[in-house]
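For the numbers below, each heavy atom of this structure counts, side chains included, while hydrogens, waters and symmetry mates do not. Numbering of residues begins at 1 and proceeds along the displayed sequence.
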Amino acid sequence: MRNDRVFTVRDILERPVFGRARLAAGQEGLDRQVGWVHVLEITNVSPFVSPHDLILSTGLWLQSEDGREAYLMQLIQREAAGLCVEFGTSIDGIPEALIELANEHQFPLIVFEQPVRFVEITQDIHSLLINHQHQLLKSLETYSRELQQRTLQSTDMSAVLELLHMYASKPIVYISSMEAGSFVPGLAPEMEQAIYSWYSQEVEQLNLNDSATELWFHMDEEHALLCYPVVCFGQVFSAIGMVVHPATAVEYLKLLLDYTAKAAAALTLRTQFLEEKMVRSQNELIQDLMNGHIQQEEQARTRMGLRLLVKGQYWFAGGVLEIEHRMKGTGRERMEANHQDILVLLRSLLKKNHLTSLLMLKNNQIYLCCAKEESRTSSRQQLMQVLEGITQHIKRFAGTNLKQVEIHAGFGRLRNQLTPLKHSLQEAYQVIEVARSVKPMKHVHFYDRMGIYQMLKAMPPSLLQSFAMDHLGVLMEHDRNHQLRLVETLHAYLSNFGSKRDAAAQLFVHRQTLYNRLEKLEELLGPDYMQQDKRLCLEMALLANAMIEGGEGQSS
């Protein structure tokens with residue numbers, strides 16, 4: 001008995017208990033699936049009928065002309081498998097209008113010419129369905145055990161695909177963002193290409209939870225791909241599916257795919273964790289680059305495994321991910337487990353986006369260097385977009401799955417050489433410091449997007465503080481003594497380009513209150529403080545002061 005089969009009205013009519021039955025209508029609906037059989041004699045049947053139910057009745061509802069067609073339409077709309085009516089107990093015939101209605105909707109209408117024992121029918125069909133369900137569960141249990149054995153023996157995905165093919169008896173498809181795909185057995189080249197295109201456009205970019213979700217790709221009238229994504233850390237890294245006829249019953253096949261997708265996710269994670277044990281050479285290379293021990297660019301690229309380019313160039317990005325545990329008392333083991341999860345996810349995302357990378361975990365920081373070959377479709381700006389997307393995904397993962405863990409990320413200026421990695425990491429640290437200390441810069445991850453803060457971070461802290469005091473000191477002193485919030489008022493007034501209405505709205509104060517403060521600003525700063533040179537100095541001083549205060553808040 002095939003595990004993926006379903007029982008239809010045609011199959012049921014071949015049972016001995018239906019030997020005295022005949023099909024009165026709905027010849028074209030004989031392939032409707034039968035999932036259960038039960039007796040219903042009430043007229044309001046909708047709440048008690050589920051799809052694929054085969055209904056048995058003595059026809060009491062036919063004794064009254066009112067509601068006959070409505071009764072049958074309830075069964076049709078509820079997608080029942082069919083209706084069996086017994087003659088001789090309540091009725092002796094089916095009205096022609098109901099015959100026509102059943103034929104119109106391809107709804108099987110079966111009659112027994114003489115009274116029958118409904119209990120014998122239900123026992124026979126239920127035994128058939130339950131035995132089949134039992135066999136299906138036994139098959140799934142056996143498949144689960146064999147699947148577990150194969151995944152424990154090796155990380156070879158082909159063994160899993162062959163096992164699935166053996167149980168499903170369908171062509172199996174495996175598409176991955178990190179390795180070559182597999183088809184067991186091979187499909188026509190145009191069909192394989194169509195599946196690859198569909199995966200890259202519709203599946204690869206999905207963000208899902210760790211539970212599998214079925215996806216369908218209808219290729220033509222005879223072929224459809226039933227597919228389950230392989231999800232790790234809420235990210236789709238591959239997908240596994242099988243080619244079926246669009247009309248095929250797929251309940252059993254869905255269960256096989258669900259089991260296999262989870263096994264494939266476990267294999268993917270295990271493979272990535274195993275790779276983490278093989279990164280000593282990467283750590284040594286990053287250390288050598290950070291310490292300036294490699295002077296020759298060609299040597300650095302060779303050790304990173306990059307091919308020599310005859311034309312074009314590489315773009316290199318150096319960055320730092322800082323993992324902050326905000327919950328006091330987090331144990332060392334828990335912290336290290338969190339670090340490892342983030343490292344594995346980062347490595348997988350880089351691999352998925354086809355970036356050659358070096359990673360090194362040290363304490364609560366991950367040092368990153370990645371390379372991307374420039375081409376017609378890949379540029380410096382696109383590399384920044386990819387890294388931004390990876391950073392955002394890791395932040396979401398930490399916020400959702402790790403308890404009170406926050407990720408701070410920074411990337412230095414993108415360069416065409418690998419050897420200045422030390423400078424890129426220094427710039428990355430500056431990005432993180434500014435993002436943590438200046439609220440408007442919280443979501444900035446690239447040194448190139450720091451703007452004026454590039455210059456402010458380059459200044460010694462003592463000089464920066466002296467500059468801020470020279471231009472804002474008199475306001476700070478007045479605020480300490482009189483609580484007029486003059487520094488905040490000046491910032492709002494300048495930020496709104498001298499608009500009193502907008503500044504008052506930003507400060508949530510009455511317009512007259514703002515006028516009073518502006519008079520005090522003019523008294524303390526001089527009537528020319530809005531002239532270009534002095535205004536520019538004040539704006540710089542406000543930025544410097546915000547960065548200093550933010551840094552003090554972080555350190556405290």
Side-chain angles (χ1 to χ4, degrees), residues 178-179 271-272 274-322 339 342-344 346-391 394 408-433 445-450 454-455 457-458:
M178 300 185 293
E179 57 185 329
T271 301
Q272 296 304 308
L274 287 174
E275 286 186 8
E276 295 305 317
K277 297 182 179 180
M278 304 169 62
V279 297
R280 179 175 298 179
S281 61
Q282 289 193 6
N283 290 352
E284 292 176 353
L285 176 54
I286 289 183
Q287 290 279 16
D288 287 345
L289 288 169
M290 290 171 62
N291 296 328
H293 294 166
I294 302 179
Q295 303 297 327
Q296 299 296 322
E297 180 68 19
E298 185 176 345
Q299 178 189 1
R301 296 189 183 190
T302 300
R303 287 183 59 182
M304 192 174 177
L306 299 175
R307 69 186 185 93
L308 180 64
L309 297 182
V310 178
K311 294 182 179 180
Q313 61 184 355
Y314 285 106
W315 283 109
F316 296 97
V320 176
L321 265 67
E322 188 173 283
H339 297 170
I342 293 170
L343 184 62
V344 168
L346 176 59
R347 186 181 298 280
S348 301
L349 291 171
L350 290 167
K351 191 173 182 180
K352 177 181 178 181
N353 285 280
H354 311 293
L355 295 179
T356 304
S357 60
L358 303 172
L359 295 176
M360 183 178 73
L361 173 64
K362 186 175 182 181
N363 298 323
N364 68 324
Q365 294 178 331
I366 299 176
Y367 298 93
L368 160 68
C369 176
C370 63
K372 183 69 173 178
E373 183 178 343
E374 188 175 51
S375 64
R376 292 180 180 177
T377 59
S378 177
S379 66
R380 172 180 176 276
Q381 189 64 30
Q382 288 172 325
L383 175 56
M384 293 176 70
Q385 291 174 356
V386 169
L387 292 174
E388 179 72 27
I390 290 173
T391 300
I394 291 177
H408 306 281
F411 294 91
R413 185 184 288 111
L414 270 62
R415 293 174 164 85
N416 293 125
Q417 290 188 317
L418 177 58
T419 47
L421 177 63
K422 176 180 179 180
H423 304 299
S424 295
L425 296 180
Q426 290 171 347
E427 293 164 353
Y429 276 120
Q430 292 183 25
V431 175
I432 293 176
E433 289 171 3
H445 300 123
F446 291 91
Y447 184 80
D448 288 348
R449 297 174 182 170
M450 282 176 57
Q454 291 180 351
M455 185 177 72
K457 285 300 296 182

Verify, without hydrogens or angle tests, whether [X] (side chain) and [Y] (backbone) share a donor-acceptor contact under 3.5 angstrom.
X	Y	answer
Q313	E374	no
E297	Q417	no
N416	Y314	yes
Q382	S379	yes

Query raised in the report: Can you check side-chain contact (heavy atoms from CB on, under 4.5 Å) on N364 and E322, steps first, answer last?
Result: CA-CA 6 Å; N364 68 324; E322 188 173 283; 3.9 Å; yes
Side-chain touch [X]/[Y], heavy atoms, less than 4.5 angstrom:
X	Y	answer
R307	E373	yes
M384	E388	no
K372	V386	no
L359	L350	yes

Inter-residue atom distance [X].[atom1] - [Y].[atom2], 0.5 Å rounding:
X	Y	atom1	atom2	value
L368	L361	CG	CG	12.5 Å
K362	I286	NZ	CD1	11.5 Å
Q430	M450	CD	CE	5.5 Å
I394	I342	CD1	CD1	7.5 Å
L418	C370	CG	SG	10.5 Å
L321	Y367	CG	OH	11.5 Å

Provide the closest heavy-atom pair for [X] versus [Y] in the form atom of the first, atom of the second, distance.
X	Y	answer
Q295	T419	O-CG2, 4.1 Å
N363	H339	O-ND1, 3.3 Å
V431	F411	CG2-O, 3.9 Å
L285	I294	CD1-CD1, 3.5 Å
F446	L387	CZ-CB, 3.8 Å
H423	R415	CB-NH2, 3.9 Å

Query raised in the report: Going through the checks in order, is the side-chain contact (heavy atoms from CB on, under 4.5 Å) test met by K351 and R347?
Result: CA-CA 6 Å; K351 191 173 182 180; R347 186 181 298 280; 5.6 Å; no
Requested in this report: Using the side-chain contact (heavy atoms from CB on, under 4.5 Å) rule, take F316 and R301 through it: C-alpha gap first, then chi angles, then the decisive distance, then the call.
Outcome: CA-CA 11 Å; F316 296 97; R301 296 189 183 190; 3.7 Å; yes
Requested in this report: Could you tell me whether E298 atom CD has more than 12 heavy atoms of other residues or ligands within 6.0 Å of it?
Outcome: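 No, not enclosed.
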Query - Derivation of the side-chain contact (heavy atoms from CB on, under 4.5 Å) call for L383 and L355 - result: CA-CA 9 Å; L383 175 56; L355 295 179; 3.8 Å; yes
